[in-house]
Protein chains: 2
Amino acid sequence: MMDEDASNLLKKMPIENLILGIGDVAAATGVSQSQIRYWESKGYIHSEASNDGKNRKFSYKTVLKVQQIKTYLDDGYTLVGAAKQSQRRSNYFDTLRSFFEGRFVNMAIDPDSQQASIDLGPFDPEPGKSLIAERIDDHWHFKLIDAKN
Amino acid sequence: MMDEDASNLLKKMPIENLILGIGDVAAATGVSQSQIRYWESKGYIHSEASNDGKNRKFSYKTVLKVQQIKTYLDDGYTLVGAAKQSQRRSNYFDTLRSFFEGRFVNMAIDPDSQQASIDLGPFDPEPGKSLIAERIDDHWHFKLIDAKN
DNA sequence: CGTGTAAGGAATTCTGACACG
DNA sequence: CGTGTAAGGAATTCTGACACG
């Protein structure tokens with residue numbers, strides 16, 4: 001039932017390695033290509049200058065930033081204001097990732113039953129216990145187990 | 001401190017809407033473009049035929065599948081075997097998403113302190129309590145609060 | 001079977017300019 | 001300021017064929 005590569009969880013999810021062309025960023029966010037180019041020229045977003053190619057590539061993090069700036073624009077901010085707001089705080093994705101990195105100790109999936117369990121590490125109110133999230137029949141619930149020394 | 005759009009958490013993360021060109025899929029996964037085209041021709045993966053364009057576009061779900069097939073190939077499976085294995089079970093991403101959808105009730109981020117809290121809903125061992133994950137000074141810990149009726 | 005490559009055409013993206021406001 | 005568009009060239013992707021094994 002234990003899955004050997006559960007520890008590679010984050011590495012197995014090609015999110016950090018994702019790079020997208022401008023057309024795909026535009027399609028995903030609803031922001032036009034000319035807007036994206038202009039925002040980049042003003043320094044509100046950045047493209048990955050690394051690679052060999054000549055065409056722009058954007059990281060997934062930048063896609064999220066574009067999405068966020070657009071949200072503020074739709075709320076009535078000017079572009080300058082929207083860009084400033086988007087810089088003001090980390091977004092949900094960053095927070096979720098920090099939660100993963102901080103608390104996901106292990107994840108196991110049973111290949112047949114699709115039963116899954118996530119080890120969230122020590123349960124602070126009860127030291128000595130580990131918090132486990134378990135999926136049974138498509139329903140998630142929490143339980144405590146004795147932490148292994 | 002409460003964030004009004006926390007309920008749109010998943011919708012705000014343009015992962016489901018992501019579509020990538022073949023070059024970006026190849027770059028993200030380390031699988032060559034000719035491999036990707038061949039795998040598609042054999043029906044192991046699919047491209048999004050929806051849009052107007054003529055060039056292939058792949059969903060993020062398909063990127064994960066490509067990644068998974070590659071992992072099995074690297075382990076020594078034949079392509080047919082790797083494709084079959086990749087179909088055998090849902091991947092980590094699916095499991096994580098099901099965890100989110102099943103248990104993430106709310107998420108709040110304080111714009112200034114970057115303190116964050118995630119409401120994970122009723123804590124099964126103690127009905128009447130809600131499980132909260134809280135980030136303070138970049139460290140996540142769990143606590144229980146009285147569930148609101 | 002499974003992948004790579006050369007070839008010529010098609011689709012996408014590039015820049016710099018100009019328009020509108 | 002902020003975005004859109006037409007224009008011509010550059011970079012990317014397309015298909016069908018062929019090679020290798």
Side-chain angles (χ1 to χ4, degrees), chain A residues 14 17-60 62-63 65-87, chain B residues 14 17-60 62-63 65-87:
Chain A
N17 302 327
L18 278 192
I19 53 167
L20 309 239
I22 192 171
D24 296 333
V25 177
T29 62
V31 175
S32 75
Q33 296 196 14
S34 51
Q35 282 177 300
I36 293 173
R37 291 198 190 93
Y38 182 68
W39 297 2
E40 186 190 10
S41 78
K42 304 299 281 185
Y44 303 140
I45 58 176
H46 296 282
S47 60
E48 309 301 309
S50 53
N51 293 31
D52 43 332
K54 286 286 185 57
N55 288 7
R56 287 175 184 78
K57 294 295 176 184
F58 298 94
S59 69
Y60 181 64
T62 301
V63 176
K65 185 148 195 170
V66 169
Q67 176 88 60
Q68 209 165 3
I69 293 176
K70 178 190 161 51
T71 301
Y72 287 115
L73 277 184
D74 291 346
D75 280 356
Y77 282 87
T78 63
L79 178 57
V80 176
K84 188 175 300 182
Q85 287 301 318
S86 78
Q87 206 173 5
Chain B
N17 303 327
L18 278 193
I19 52 167
L20 309 241
I22 192 171
D24 296 333
V25 176
T29 62
V31 174
S32 75
Q33 296 195 13
S34 52
Q35 283 178 298
I36 294 172
R37 291 198 190 92
Y38 182 69
W39 297 1
E40 186 190 9
S41 77
K42 305 297 282 185
Y44 303 140
I45 57 176
H46 296 282
S47 60
E48 310 300 309
S50 53
N51 293 29
D52 43 332
K54 285 284 184 61
N55 288 9
R56 287 175 184 77
K57 294 295 175 183
F58 297 94
S59 69
Y60 181 65
T62 300
V63 176
K65 185 147 197 174
V66 169
Q67 175 88 60
Q68 209 164 4
I69 293 175
K70 177 191 163 50
T71 301
Y72 286 115
L73 278 183
D74 292 346
D75 280 355
Y77 282 87
T78 64
L79 179 57
V80 176
K84 188 177 298 183
Q85 287 301 318
S86 78
Q87 206 173 6

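In what follows, chains are A, B, ... by sequence order, proteins preceding strands, each numbered from 1.
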Notebook entry, point to check: With Watson-Crick and G-U wobble geometry limited to distances under 3.5 Å, how should the secondary structure of DNA chain C be encoded in dot-bracket form, using | for bases paired to another strand and [ ] for crossing pairs?
Noted result: .||||.||.|.|.||.||||.
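Between W39(A) and V31(A), some side-chain heavy-atom pair lies under the 4.5 Å cut-off. For the pair V66(A) and F58(A), the minimum side-chain heavy-atom distance is 4.5 Å or more. Between L79(B) and I69(B), the closest side-chain pair of non-hydrogen atoms falls below 4.5 Å. With contacts defined as side-chain heavy-atom distances shorter than 4.5 Å, the pair Y44(A)/V80(A) qualifies.
Rounded to whole Å, the distance from CD1 on I22(B) to P on dT12(C) is 14 Å. What separates CD1 of I19(B) from P of dT12(C) is a distance of 11 Å, to the nearest Å. Whole-Å rounding puts the K57(B) NZ to dC14(D) C1' distance at 13 Å. The separation between I69(B) atom CD1 and dT3(C) atom C1' is 15 Å, rounded to whole Å. In this structure, Y77(A) atom OH and dG2(D) atom P are separated by 15 Å, rounded to whole Å.
One N or O on the side chain of D24(A) and one on the backbone of G21(B) form a donor-acceptor pair closer than 3.5 Å. No donor-acceptor pair under 3.5 Å is formed between the side chain of E40(A) and the backbone N or O of R37(A).
Residue L79(A) is the one, among K54(A) and L79(A), whose nearest nucleotide of DNA chain D lies closer to the 5' end (criterion: closest heavy atom).
For R56(B), a side-chain nitrogen or oxygen approaches OP1 or OP2 of dC14(D) to under 4.0 Å.
A donor-acceptor pair shorter than 3.5 Å cannot be found between the side chains of Q68(B) and T71(B).
Applying the side-chain hydrogen bond (donor to acceptor under 3.5 Å, both in side chains) test to every pair with at least one member in residues 77-87 of chain B, sequence neighbours left out, gives no pairs at all.
Near DNA chain C, defined here as any heavy-atom distance below 4.0 Å, the residues from residues 31-41 of chain B are S32(B), S34(B), Q35(B), Y38(B), W39(B), listed numerically.
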